[in-house]
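Values reported hereafter were calculated over all heavy atoms of this structure, with side chains retained and with hydrogens, waters and symmetry mates removed.
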Amino acid sequence: RAQEGSQPPAHGEEDERVIKEFAALCFNWQGGARLAQPWSFRDLLQRARDYHQRRAQYERDMKQWEHDYHEAKAQGKEEPREPAEVPKDEDLEPFAALFRREVPAFVHVNRSDEILNALKVFRDEFELDVTLLDVGDGFRVAEEIRKRNAAAALGPNVTRREKGKLINNADVLARAGVRVLFHSSATSGTQFLRLNAAYAVRYGLDPTEALRALTIYPARTLRVDDRLGSIEVGKDADLVILSGEPLDVTSRVEKVLMKGKVVYDGR
């Protein structure tokens, strides 16, 4: 609901709020034929890698050809033959972005076998940047996730019960050295993210790590940390000012700034 005294966004302002049009590629490893999953993803990634390598080589060859062409023309020599084109494949272009390191792979996993298989394919075989989503059994294989330098995004559930004992998945992963992020996994957007983090802190997660999991870690994962995720000179100055500690559920929003300008004042 619009706050009293607030103004509707100016024309084009909505577009300015989009930081990155293409931020990540999502894969669902859950469900389906478990034995067939690795092979289907492996085949797709192999085709994407082959396409990426052929396109990259073609672009290098074209730059060299342009240089040689102008040099030959200036010297009156025979013009070199233009390289055979490798046309863009609209189906594979998004996946090739993984190999250009433009976006990370987000992989939905739950069971420990799904986690290990996803790590084997995406990290061990194709050396891609991976963030594991949901990761219900993450606490069982935390060390394997850490060794592969993969991140883990949890939400909205950050704890689970195992034989009557409450397990703080976020805390176990963070203590193992895994970069933990929080996500809402819901159409409700971000309104419950702070509650998820506060719940994780209540059962052991370090408050500083929880705050990083809401701010700088997601920004780094999505490669927008040059603009967002921390309060530093040169960044966007998108700030939320609270009445108390960020992870205290009784703290209320007092002010919101976008690019240094106050867009909400609740005082």
Side-chain angles (χ1 to χ4, degrees), residues 23-32 34 37-38 41 104-124 128-223 225 229-230 245-249 251:
L25 273 172
C26 291
F27 300 81
N28 188 2
W29 203 289
Q30 298 174 336
R34 296 186 187 277
Q37 289 281 43
F41 286 124
F106 281 8
V107 186
H108 286 270
V109 286
N110 184 34
R111 292 170 34 146
S112 55
D113 62 319
E114 294 171 346
I115 296 170
L116 294 175
N117 281 329
L119 289 172
K120 180 179 179 181
V121 172
F122 284 86
R123 287 295 296 151
D124 297 350
L128 296 173
D129 295 332
V130 177
T131 295
L132 303 171
L133 301 184
D134 305 329
V135 209
D137 274 356
F139 67 97
R140 302 185 193 278
V141 289
E143 183 61 21
E144 295 300 318
I145 299 173
R146 184 201 63 78
K147 284 195 301 186
R148 269 47 170 256
N149 197 29
L154 308 176
N157 298 320
V158 296
T159 64
R160 64 182 295 173
R161 288 199 173 273
E162 187 82 6
K163 297 181 179 178
K165 180 183 177 183
L166 187 139
I167 295 173
N168 189 340
N169 208 5
D171 183 42
V172 173
L173 289 167
R175 288 179 186 276
V178 176
R179 186 170 70 254
V180 172
L181 294 64
F182 291 117
H183 71 95
S184 62
S185 189
T187 54
S188 58
T190 61
Q191 64 176 312
F192 297 121
L193 276 179
R194 192 159 63 103
L195 290 177
N196 295 341
Y199 191 74
V201 168
R202 178 182 178 185
Y203 290 102
L205 180 63
D206 177 71
T208 301
E209 278 299 296
L211 193 57
R212 288 170 179 155
L214 291 172
T215 54
I216 189 63
Y217 289 166
R220 286 175 183 167
T221 298
L222 296 172
R223 296 178 175 83
D225 54 308
S230 60
E245 291 293 327
L247 299 179
D248 185 339
V249 295
S251 298

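- Expressed to the nearest 0.5 Å, how far OG1 of T159 lies from CZ of F139 amounts to 11.0 Å.
- How far CG of D206 is from CZ of R212: 7.5 Å, rounded to the nearest 0.5 Å.
- The CD atom of E162 lies 10.5 Å from the CG atom of N169; values are rounded to the nearest 0.5 Å.
- Contact check for E209 versus Y217: side-chain heavy atoms found under the 4.5 Å cut-off.
- Taking a 6.0 Å sphere around CZ of R160, one finds it holds more than 12 heavy atoms contributed by other residues, nucleotides or ligands.
- A distance of 10.0 Å separates CG of D124 from CG of L116, quoted to the nearest 0.5 Å.
- Contact record, R194 with V249: NH1-CA, 4.5 Å, taken as the closest heavy-atom pair.
- Classified by interplanar angle (parallel below 30°, tilted 30° to 60°, perpendicular above 60°), the ring pair F122/F27 is perpendicular.
- The closest side-chain heavy-atom distance from F106 to L222 is below 4.5 Å.
- With sequence neighbours excluded, the residues satisfying side-chain hydrogen bond (donor to acceptor under 3.5 Å, both in side chains) with D248 are T250.
- From L205, atom CG reaches atom CZ of R175 across 8.0 Å, with rounding to the nearest 0.5 Å.
- Looking at D134 and H108, their side chains do bring a donor and an acceptor atom within 3.5 Å of each other.
- Between L132 and the options L181, I145, V178, a side chain to side chain contact (heavy atoms under 4.5 Å, CB included) holds for only I145.
- Around atom CZ of R223, more than 12 heavy atoms belonging to other residues, nucleotides or ligands sit under 6.0 Å away.
- Taking 4.5 Å as the limit, every side-chain heavy atom of L119 sits out of range of all side-chain heavy atoms of K147.
- By the 6.0 Å contact criterion, CD on E245 is open, its count of non-hydrogen atoms from other residues, nucleotides or ligands being 12 or less.
- A 4.5 Å side-chain heavy-atom check between V121 and W29 finds at least one atom pair inside the cut-off.
- Among all heavy-atom pairs drawn from A153 and V135, the shortest one is O-CG2, 4.2 Å.
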